[in-house]
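Predicted, not measured: the structure shown is a model, and the values here were computed from it. Throughout, a chain's letter reflects where its sequence line sits, starting with A, and its residues are numbered from 1.
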2 protein chains.
Amino acid sequence: MSDLLERLRERGWRMTAQRRVVAEVLDGQHVHLTADEVHARATERLPEISRATVYNTLGEMVSIGEVIEVATDGRAKRYDPNAHRPHQHLVCSRCGTIRDVHPQGDPLAALPASERFGFAVSTVEVTYRGVCPDCAA
Amino acid sequence: MSDLLERLRERGWRMTAQRRVVAEVLDGQHVHLTADEVHARATERLPEISRATVYNTLGEMVSIGEVIEVATDGRAKRYDPNAHRPHQHLVCSRCGTIRDVHPQGDPLAALPASERFGFAVSTVEVTYRGVCPDCAA
DNA sequence: ATCCTACGATAGACACTGTCTAAGTCAAGA
DNA sequence: TCTTGACTTAGACAGTGTCTATCGTAGGAT
């Protein structure tokens with residue numbers, strides 16, 4: 001079930017109850033949670049888990065590429081466990097929920113060399129914004 | 001010279017010294033400042049301007065579409081006065097500086113209806129990330 | 001030119017998000 | 001079982017943004 005947990009173990013992570021819970025919370029969700037939301041859900045299973053541990057664990061998962069950090073507003077970052085399939089995000093401008101979407105074509109191709117100003121461009125993030133069906137009602 | 005100021009006046013804005021200074025700071029910069037950076041520069045010209053006023057004024061400019069809010073990391077939002085010409089952003093993943101770029105084509109077209117999930121999609125933000133020439137050296 | 005009044009500005013408290021530190025705990029190899 | 005260093009913890013701290021109550025003033029009315 002928990003591929004994420006399995007991959008972390010393979011990387012030599014020390015398996016603590018806290019890390020297990022954080023991985024499970026991420027794995028079980030299709031929405032993109034903020035760090036404090038992850039903490040809230042983790043607390044339901046492991047009441048004494050601290051905020052710092054959740055932040056640390058998420059940060060480590062991001063730095064090894066198992067989880068993607070999404071900053072769509074200037075507020076809390078959100079964490080996306082779907083790091084292995086390239087995708088972009090569709091954000092509701094009212095309620096802030098995020099959906100994964102898969103646009104056609106390679107967005108990198110749209111930026112000609114003359115517009116790269118010597119940058120070694122490596123990634124593109126595309127954020128579509130609009131009003132979701134629930135908020136439009 | 002300050003087109004921004006002129007447009008605000010046309011919208012019936014009460015012209016206060018504070019709003020004038022905020023508009024001038026934005027207009028004179030080609031970089032994208034954070035709210036607190038705007039405040040710092042505004043303070044040089046109008047020492048008693050408050051942080052709340054800068055935040056309010058920036059927020060109002062964003063809501064009427066004269067300025068664009070850019071959240072490239074999970075930290076401070078940056079404010080882009082170049083709202084009249086559609087463009088995207090190229091961010092250095094080392095030093096964080098932002099350049100305006102103009103990709104080809106309409107990025108909205110890449111998202112087929114089947115991938116919109118009932119959202120009324122209105123805007124797209126594209127953020128290219130890479131290492132700038134200065135940081136690559 | 002002066003007066004009025006509603007809109008804008010102010011200071012500072014507050015809230016949210018994230019980071020850091022010092023001390024205690026425990027997973028896992030010896 | 002023992003040992004060790006990686007991990008966790010509580011809580012202080014820092015950066016960013018919001019809110020409230022009060023004061024000031026731009027600009028129309030007189």
task: Write down the distance between CD (A/E37) and P (C/dG18), rounded to a whole number of angstrom.
output: 11 Å
- prompt: Can you find a donor-acceptor N/O pair under 3.5 angstrom joining the side chain of B/R14 to the base of C/dC7?
  reply: yes
query: B/K77 NZ to C/dC16 P: how many Å, rounded?
result: 15 Å
Any donor-acceptor pair under 3.5 Å from A/H87 side chain to A/R85 backbone: yes
task: Answer yes or no: does atom CZ of B/R75 have more than 12 heavy-atom neighbours from other residues, nucleotides or ligands under 6.0 Å?
output: no
message: With nearest nucleotide decided by heavy atoms, which residue, A/E60 or A/R51, maps closer to the 5′ end of DNA chain D?
response: A/E60
message: Does either side chain, that of B/H89 or that of B/E125, offer a donor lying less than 3.5 Å from an acceptor on the other one?
response: no
message: Check the phosphate of C/dG18 against A/Y55, side-chain N and O only, distance under 4.0 Å to OP1 or OP2. Yes or no?
response: yes
N/O (side chain, B/R75) to phosphate O (OP1/OP2, D/dG15) under 4.0 Å: no
query: Counting only side-chain N and O atoms of A/T16, is one of them less than 4.0 Å from OP1 or OP2 of C/dA27?
result: no
- prompt: Which nucleotide, C/dA28, D/dC19, C/dG18, lies nearest any side-chain atom of A/M15?
  reply: C/dA28
field: Minimum-distance nucleotide (side-chain atoms of B/I49 versus D/dG11, C/dG18, C/dT10)
entry: C/dT10
- prompt: Any side-chain N or O of B/Q18 under 4.0 Å from OP1/OP2 of D/dG24?
  reply: no
query: Are any side-chain N or O atoms of A/E24 and backbone N or O atoms of A/V21, one a donor and one an acceptor, separated by less than 3.5 Å?
result: no
Interatomic distance, A/L58 CG vs C/dT17 C1' [rounded to whole Å]: 13 Å
Interatomic distance, A/H39 NE2 vs C/dT19 P [rounded to whole Å]: 15 Å
query: Is a side-chain N or O of A/H39 found less than 3.5 angstrom from the main chain of A/I49, in a donor-acceptor match?
result: yes
B/D36 side chain, from C-beta outward: closest of D/dT16, D/dG27, C/dG18: D/dT16
- prompt: Between B/R20 (CZ) and D/dA26 (C1'), how many Å, whole number?
  reply: 10 Å
query: Quick one: A/Y79 OH to C/dT17 P, roughly how many Å, whole number?
result: 12 Å
field: Atom-pair distance (CG on B/L33; C1' on D/dG17), nearest Å
entry: 17 Å
message: Taking any heavy-atom pair under 4.0 Å as a contact, classify B/A76: base, sugar-phosphate, or nothing.
response: sugar-phosphate
- request: Measure the distance from CZ on A/R19 to P on C/dT25 and round it to the nearest whole Å.
  value: 19 Å
message: So if I take every side-chain heavy atom of A/N56 and compare against C/dG18, D/dT9, D/dC7, which nucleotide ends up nearest?
response: D/dT9
message: What contact category does A/T53 fall into here, base, sugar-phosphate, or nothing, at under 4.0 angstrom with non-hydrogen atoms?
response: base
